[in-house]
2 protein chains.
Amino acid sequence: MGIAKESSTIQMNKQFALAQCPVTHLMEKIGSYWKPIILYHLSTGDKRYSELKRAIPAITEKMLIQHLKQLEADHLLIRESKPVVPPFVTYRLSKAGYGLLPVIQAMADWSFKDMDGAFQ
Amino acid sequence: MGIAKESSTIQMNKQFALAQCPVTHLMEKIGSYWKPIILYHLSTGDKRYSELKRAIPAITEKMLIQHLKQLEADHLLIRESKPVVPPFVTYRLSKAGYGLLPVIQAMADWSFKDMDGAFQ
DNA sequence: ACAAGTACTTACTCCAAAGTATGTATCATG
DNA sequence: CATGATACATACTTTGGAGTAAGTACTTGT
């Protein structure tokens with residue numbers, strides 16, 4: 001396997017990385033600051049839009065709805081809206097979203113251990 | 001626990017979120033595109049700087065060294081340099097870094113399943 | 001003498017992600 | 001009659017994360 005001299009761009013390399021590295025594949029879907037946090041809050045049960053907003057005070061409405069849309073487009077969660085007024089919209093994890101729970105859980109576990117000083 | 005009206009900024013909210021949400025705590029440390037990928041490559045064994053560079057062709061040298069420094073500052077990996085010439089620098093996971101392996105492994109597992117269509 | 005390999009550093013630029021600040025439709029409530 | 005709650009949308013601005021490109025110091029190989 002020779003090293004390709006300089007014939008490829010970063011974008012082509014990214015395609016290569018995608019094919020080679022599984023973590024890269026996941027990062028393309030939840031690799032942002034807010035997405036795992038949103039998924040964490042949905043892991044404890046379905047939530048309305050406003051419940052998520054209150055659960056994550058640091059996020060702006062624009063970011064929240066943007067990431068919810070992206071997560072929905074990536075089939076990680078399902079949006080359900082009842083045609084009533086005031087609107088009643090619920091978000092819940094999809095099958096693939098539930099599949100992410102071990103990741104989210106492992107993240108939470110690590111954090112609790114780290115905050116307890118278990119790694120010092 | 002009343003809801004504080006509008007007296008706090010996003011930054012203050014972020015502090016709050018940090019205290020409340022474990023996933024947020026982790027995202028502050030590895031919440032970037034490249035860091036989990038770097039950790040994944042170190043999970044299979046210690047690596048020299050140039051080995052990481054070749055293992056992750058899509059990353060630029062600047063990004064690689066920048067993230068390595070940050071991961072070192074966050075005590076997730078350990079840098080060891082032998083005072084020889086040419087330089088010989090090795091990176092390996094710290095205790096906290098090893099603690100992240102379940103997270104990385106869960107990420108990889110999910111990706112393989114997702115690529116196999118297990119979630120469709 | 002000059003290129004190549006090692007592990008970086010620094011300066012400059014750029015674009016997309018994120019923040020700020022509004023607007024919208026509908027109904028209940030005071 | 002105006003405010004609040006709901007679940008968004010949209011325009012504008014800003015920031016910082018990321019890319020490009022070049023340089024550094026030292027030695028080995030040809």
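Hydrogens, waters and symmetry mates play no part in the numbers below; they use all other heavy atoms, side chains included. We name chains A, B, ... by the order of the sequence lines, and we start the count at 1 in each one.
Here the P atom of nucleotide C:dA16 and the CD atom of A:Q70 are 14 Å apart, to the nearest Å. Distance, B:K35 NZ to D:dA18 C1': 14 Å, rounded to whole Å. The CD1-P distance, from B:I59 to C:dA7, rounds to 15 Å in whole Å. One interatomic measurement links the two molecules: CD of A:E72 to C1' of D:dC8, which rounds to 13 Å at whole-angstrom precision. One atom, CG of A:L64, and another, C1' of D:dA9, lie 14 Å apart when rounded to the nearest Å. C:dA7 atom C1' lies 12 Å from atom CG of B:L52, rounded to whole Å. For the pair B:M63 CE and C:dT9 P, the interatomic distance rounds to 13 Å; values are reported in whole Å. Rounded to whole Å, the distance from NZ on A:K82 to C1' on C:dC27 is 17 Å.
Proximity of a side-chain donor or acceptor of B:K35 to a complementary backbone N or O of B:L71 within less than 3.5 Å is not detected.
A search for side-chain hydrogen bond (donor to acceptor under 3.5 Å, both in side chains) contacts involving B:Y49 returns B:E61, not counting sequence neighbours.
Nearest heavy atoms, B:S111 versus A:P22: OG-O, 2.6 Å. The two residues B:S32 and B:H67 come nearest to each other via the heavy atoms OG-NE2, 3.7 Å. Shortest non-hydrogen contact noted between A:M107 and B:M27 is CE-SD, 4.5 Å. Between B:Q120 and B:D114 the shortest heavy-atom distance is NE2-O, 4.5 Å.
A donor-acceptor contact under 3.5 Å is not formed by the side chain of A:K62 with the base of D:dA9.
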Protein-nucleic acid N or O pairs under 3.5 Å, nucleotides 5-7 of chain D:
from  : atom 1 : to    : atom 2 : distance (Å)
D:dT6 : O3'    : A:R48 : NH2    : 2.9
D:dT6 : O3'    : A:P87 : O      : 3.0
D:dA7 : OP1    : A:R48 : NE     : 2.9
D:dA7 : OP1    : A:R48 : NH2    : 3.0
D:dA7 : OP1    : A:V89 : N      : 3.4
D:dA7 : OP2    : A:S50 : N      : 3.0
D:dA7 : OP2    : A:S50 : OG     : 2.8

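With distances taken from any side-chain atom of A:K69 to the nucleotides D:dG19, D:dA9, D:dA18, the minimum falls on D:dA9.
With hydrophobic clusters built from ILVMFWY side chains whose heavy atoms lie under 4.5 angstrom apart, B:F119 shares a cluster with A:I30.
Checking the phosphate oxygens (OP1, OP2) of C:dA17, no side-chain nitrogen or oxygen of A:H67 falls inside 4.0 Å.
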